[in-house]
Amino acid sequence: VSFNAIDSALSSLKNCQSYITSGMELATEVALDLVESFNDEEDVNNMEKVMLEYATMDRELNHYIKAFEETINQVKREKPENLPDLENLAQEKFLEMESVNCDSDLQRNEKYMYFKDQLKEMKKQYRANDTIEQIDEDLAVTRRKMNFICPITQATMQVPVRNKVCGHIYEEDAILEMIQTQKQKKKKVRCPNMGCSHVDVKGSDLVPDEILKRLIDSQKKQ
């Protein structure tokens with residue numbers, strides 16, 4: 001197997017990763033729909049099993065890609081007189097990586113963690129809203145609307161994203177523009193939420209807040 005053939009195969013494998021990511025995002029959406037429509041808990045649990053299956057595929061694919069990349073780099077460094085069997089060498093590395101797999105690896109998959117987090121928030125939000133609304137419907141509406149306001153634009157958010165570091169939420173375009181502007185000035189971005197001590201907000205820290213987006217969209221329809 002030549003270097004060019006392996007490079008081409010790796011490129012195809014990396015494209016497969018995007019399909020796994022899309023599948024995990026879709027499974028998350030379905031699970032949230034099930035919670036929102038008060039479906040049986042077993043249906044939600046089945047979606048979690050689907051997520052774990054995707055996480056398994058993602059881990060295996062990452063190991064396979066890493067095994068081939070390490071093999072290629074090793075051979076390029078050593079520059080042997082005769083090119084070894086790259087496929088066999090990579091397969092050995094892959095099996096070595098797979099041999100130390102454990103279930104906890106899957107629990108740490110970023111998309112799976114996001115799935116669990118959003119599911120937890122969705123369940124909490126619906127229970128909390130039910131409790132508040134039993135006490136005072138006006139108070140419930142006021143609290144929800146307060147959570148919809150972006151600390152940067154001071155307007156209702158359209159695409160809310162949550163900062164994984166400090167937990168605060170902003171309008172996606174607004175926070176990304178702020179990060180880009182400060183980056184050009186070679187400055188860090190302080191979390192715009194009043195009183196927050198987080199002083200280095202990065203784009204990689206931001207994740208979509210699907211729960212809040214659903215609540216905002218639901219409020220618009222009312």
Side-chain angles (χ1 to χ4, degrees), residues 7 10-11 13-29 31-32 36 51 54-55 58-59 61-62 65-66 69-70 73 105-125 128-129 140-221:
D7 285 340
L10 285 175
S11 179
L13 287 174
K14 287 174 181 177
N15 283 336
C16 289
Q17 285 181 309
S18 66
Y19 296 130
I20 291 174
T21 298
S22 297
M24 295 182 91
E25 288 172 353
L26 182 59
T28 302
E29 287 282 323
L32 295 178
E36 192 173 8
M51 287 294 290
Y54 272 122
D58 188 51
R59 178 178 63 187
L61 191 56
N62 282 330
I65 291 170
K66 188 178 179 182
E69 286 178 338
E70 287 183 3
N73 291 334
D105 294 340
L106 304 179
Q107 309 286 335
R108 291 192 294 270
N109 178 283
E110 188 173 349
K111 289 286 181 186
Y112 176 76
M113 290 170 66
Y114 174 73
F115 168 86
K116 293 288 286 182
D117 182 52
Q118 290 287 281
L119 212 55
K120 180 181 174 184
E121 285 299 315
M122 176 68 98
K123 290 176 180 177
K124 187 167 71 176
Q125 187 70 47
N129 281 350
V141 172
T142 301
R143 287 188 184 181
R144 283 201 296 267
K145 284 183 177 176
M146 284 172 62
N147 292 333
F148 296 168
I149 303 300
C150 171
I152 304 168
T153 65
Q154 294 302 309
T156 300
M157 289 179 277
Q158 305 299 315
V159 185
V161 289
R162 180 163 44 84
N163 191 325
K164 292 188 289 186
V165 178
C166 62
H168 291 124
I169 302 168
Y170 335 99
E171 176 64 52
E172 183 177 40
D173 285 347
I175 188 65
L176 290 178
E177 183 180 344
M178 181 180 283
I179 291 171
Q180 185 60 32
T181 300
Q182 291 299 88
K183 186 178 179 181
Q184 290 171 351
K185 297 177 184 176
K186 297 184 178 178
K187 292 182 179 180
K188 294 179 179 179
V189 175
R190 186 185 190 94
C191 174
N193 207 78
M194 191 175 294
C196 183
S197 60
H198 183 44
V199 294
D200 189 13
V201 180
K202 299 184 179 71
S204 57
D205 295 333
L206 307 175
V207 293
D209 196 308
E210 183 63 31
I211 310 302
L212 187 57
K213 187 175 189 315
R214 283 166 179 259
L215 288 170
I216 292 170
D217 291 345
S218 174
Q219 188 71 30
K220 287 178 188 174
K221 292 173 185 174

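Worth knowing before you read on, the calculation uses all heavy atoms, side chains too, and leaves out hydrogens, waters and symmetry mates.
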Quick one: [atom1] on [X] to [atom2] on [Y], what's the gap to the nearest 0.5 Å?
X	Y	atom1	atom2	value
Tyr114	Leu119	OH	CG	11.5 Å
Asp209	His168	CG	NE2	12.5 Å
Asn163	Leu206	CG	CG	6.0 Å
Ile169	Ile149	CD1	CD1	12.5 Å
Leu212	Gln118	CG	CD	9.5 Å
Tyr54	Thr28	OH	OG1	10.5 Å

Stepwise side chain to side chain contact (heavy atoms under 4.5 Å, CB included) test for Gln182 and Val201: CA-CA 10 Å; Gln182 291 299 88; Val201 180; over 6 Å; no
Between [Y] and [X], is there a side-chain heavy-atom distance shorter than 4.5 Å?
X	Y	answer
Arg59	Leu106	yes
Asp173	Val159	no
Phe148	Pro160	no

If only atom types and distance count, is the side chain of Asn193 paired as donor or acceptor with the main-chain N or O of Cys196 below 3.5 Å?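 No, Asn193 side chain to Cys196 backbone: no donor-acceptor pair under 3.5 Å.
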Ignoring hydrogens and geometry, is there a side-chain-to-backbone donor-acceptor pair from Gln158 to Glu171 under 3.5 Å?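 No, because the side chain of Gln158 does not come within donor-acceptor range (under 3.5 Å) of the backbone of Glu171.
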Partners of Ser22 by side chain to side chain contact (heavy atoms under 4.5 Å, CB included), sequence neighbours excluded?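 In terms of side chain to side chain contact (heavy atoms under 4.5 Å, CB included), with neighbours along the sequence ignored, Ser22 is linked to no residue.
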Who pairs with Cys16 by side chain to side chain contact (heavy atoms under 4.5 Å, CB included), at least two apart in sequence or on another chain?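 Scan of Cys16 (side chain to side chain contact (heavy atoms under 4.5 Å, CB included), adjacent residues dropped) gives Leu61.
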Locate the shortest heavy-atom distance separating [X] from [Y]; write the atom from each residue and the value.
X	Y	answer
Cys150	Met157	CB-CG, 3.5 Å
Met122	Leu32	CE-O, 3.6 Å
Leu176	Gly203	CD2-CA, 4.5 Å
Pro151	Pro192	CB-O, 3.9 Å
Asp205	Asp200	OD2-O, 3.8 Å

Set of residues satisfying salt bridge (charged side-chain N to carboxylate O under 4.0 Å, His left out) with respect to Lys213, sequence neighbours excluded: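 Partners of Lys213 under the salt bridge (charged side-chain N to carboxylate O under 4.0 Å, His left out) test: Asp217.
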Residues in salt bridge (charged side-chain N to carboxylate O under 4.0 Å, His left out) contact with Glu210, at least two apart in sequence or another chain: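 In terms of salt bridge (charged side-chain N to carboxylate O under 4.0 Å, His left out), with neighbours along the sequence ignored, Glu210 is linked to Arg214.
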Does anything in residues 185-198 pair up under salt bridge (Lys or Arg N to Asp or Glu O under 4.0 Å), and if so which pairs, sequence neighbours excluded?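 Qualifying pairs, neighbours excluded: none.
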Could you note down all residue pairs passing salt bridge (Lys or Arg N to Asp or Glu O under 4.0 Å) where residues 109-119 supplies at least one of them, sequence neighbours left out?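 For residues 109-119: Glu25-Lys111, Glu48-Lys116, Glu110-Lys164, Asp117-Arg162.
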Flag yes if more than 12 heavy atoms outside Gln17 fall under 6.0 Å of its CD atom; otherwise flag no.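 Atom CD in Gln17 is crowded, with more than 12 foreign heavy atoms closer than 6.0 Å.
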